[in-house]
There are 2 protein chains.
Amino acid sequence: MSQGESGIELDTSLGYMLKAAASALHSALEAVLKPLGMTITHYSCLELLAQRPGLSNSELARGTFVTRQSMNVLLQALERQGLVVRPAQAPVGRALPTELTDRGRSQLKVASAAVRRVEQNMLAGLDAGEQEQMRRLLTACIAALTEPPTPAT
Amino acid sequence: MSQGESGIELDTSLGYMLKAAASALHSALEAVLKPLGMTITHYSCLELLAQRPGLSNSELARGTFVTRQSMNVLLQALERQGLVVRPAQAPVGRALPTELTDRGRSQLKVASAAVRRVEQNMLAGLDAGEQEQMRRLLTACIAALTEPPTPAT
DNA sequence: GCCCGTATGTCAGACTTCTGACATGAGTCA
DNA sequence: TGACTCATGTCAGAAGTCTGACATACGGGC
């Protein structure tokens, strides 16, 4: 069980554990959203639009961690289903501000409740202090990965 | 900026932050592995085999968080490239124990070093205590998501 | 012994996301 | 004004992963 010290120790590697946690969350979300006829990206897009109405295709893509091409495909589907609307012409530049329809808002309401239950379940064993600590740690990781590779101080 | 209190607050949602962190890590890993001609799943498979030689297709799939069908496609490719080997016949049951070849080990060595650098960069701002705390928190989240949905105590 | 449930390996097709490419519009600067 | 850069929307094709299905092998209960 211990013959490869040159590699990364999977059982304690935070990178691996981060992937494991994200994967577990992904599966749990998929399980509750599937009965509602929604995918995770589908839900994420609606949730994002509810909190920040008028986001463009590219902005939605960044917020849901997919490419703008993928988001474009999804938005066209959501538009066909009457869940979101986009103006035929851009008011400024090329960006098309997207808005939720009543139908989109009502679908989101059900999904959002289900997602919130999953998140609360995930955090059931953590008190407020631990949750705040976790926010701190994740924020630090994101910043370190996003910012310049290795800024020599 | 604040008109939707019915949904999940994205800026503080640990579910969203978890996804953001995993996405940032994914991008960073992709960036260092691509020049080596490897994908993340490709690398994960090799790393897993280095630490636990003889894992079967299904076990590798679980360890890398993909389906066994996807892992099967990958394993066939790795076999063609001479990075892993599998016996033609199963020694017991149907499971085929997979092993790294010398070529696989040598490719992994380079990739593993690059991945370790990314992980260390991610954790650069965290001391040993904070890293241990993060392990605890992530483990708790995984357990809560994996175990029974909501066991009433 | 025999049936059944579970786990595995594998093939085939569909779906999702990605990469590559192109055109449009805004801003900067000479 | 004109050239350049950057961001955006969109189309087309490629790559990766998933779902569905089937055959095989082990183990338990009858």
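Only a predicted model underlies this, so the values are computations on that prediction, with no experimental measurement involved.
Contact annotation: side chain of R94(A) to base of dA26(C), donor-acceptor pair absent below 3.5 Å.
Between dT17(C), dT8(C), dA21(C), one nucleotide has an atom nearer to the side chain of S70(A) than all others, and that is dT17(C). The side chain of T67(A) lies closest to dC18(C) when the candidates are dT10(D), dC18(C), dT10(C). If you check dT10(C), dC22(C), dG16(D) against the side chain of R86(B), the one that comes closest is dT10(C). With dT10(C), dC11(D), dT17(C) as the candidates, the nucleotide lying closest to the side chain of N57(B) is dT10(C). With distances taken from any side-chain atom of Q69(B) to the nucleotides dT17(C), dC11(C), dT17(D), the minimum falls on dC11(C).
A continuous path of hydrophobic side-chain contacts links L25(A) to L36(A) [ILVMFWY only; heavy atoms under 4.5 Å]. Grouping the Ile, Leu, Val, Met, Phe, Trp and Tyr side chains by contacts below 4.5 angstrom, directly or via other members, places L96(B) apart from V85(B).
One finds no salt bridge joining R116(B) and E119(B) here, because no Lys/Arg side-chain nitrogen approaches an Asp/Glu carboxylate oxygen to under 4.0 Å. A salt bridge does not link R52(A) with E59(A): every distance from a Lys NZ or Arg NE/NH1/NH2 to an Asp or Glu carboxylate oxygen is 4.0 Å or more.
The nearest whole Å value for the distance from the CG atom in L55(B) to the P atom in dA7(C) is 17 Å. One atom, CG of L75(B), and another, P of dC11(C), lie 12 Å apart when rounded to the nearest Å. The separation between H26(A) atom NE2 and dT17(C) atom C1' is 12 Å, rounded to whole Å. Atoms CE (M38(A)) and P (dT16(C)) sit 14 Å apart, rounded to a whole Å. To the nearest angstrom, P of dC15(C) lies 17 Å from NE2 of H42(A). Separating the NZ atom of K34(A) from the C1' atom of dT16(C) is a distance of 14 Å, rounded to the nearest angstrom. Taking atom CZ on R68(B) and atom P on dG16(D), their separation rounds to 21 Å, with Å as the unit. The CG atom of L60(A) sits 18 Å away from the P atom of dA7(D) (whole-angstrom rounding).
DNA chain C is contacted by both G93(A) and L96(B); L96(B) maps to the nucleotide lying nearer its 5′ end (nearest heavy atom per residue). When each of P91(B) and T39(B) is assigned the nucleotide of DNA chain D with its nearest heavy atom, T39(B) is the one assigned upstream, toward the 5' end. Comparing E59(A) and L74(B) by the nucleotide of DNA chain D that holds the closest heavy atom to each, the one mapping nearer the 5' end is E59(A).
A close approach under 4.0 Å does occur between a side-chain nitrogen or oxygen of Q76(A) and OP1 or OP2 of dC11(D). Put simply, R62(B) has a side-chain N or O that comes within less than 4.0 Å of OP1 or OP2 on dT8(C). Distances shorter than 4.0 Å separate some side-chain N or O of N72(A) from OP1 or OP2 on dT10(D).
Residue contacts shown for S56(A) are limited to sugar-phosphate atoms, with no base heavy atom under 4.0 Å away. Within 4.0 Å (heavy atoms only), S58(A) reaches sugar-phosphate atoms of the nucleic acid but no base atom.
Side chain of T98(B) to backbone of L55(B): a donor-acceptor contact under 3.5 angstrom is found.
Residues satisfying the side-chain contact (heavy atoms from CB on, under 4.5 Å) criterion with R68(B), sequence neighbours excluded, are N57(B), S58(B), A61(B).
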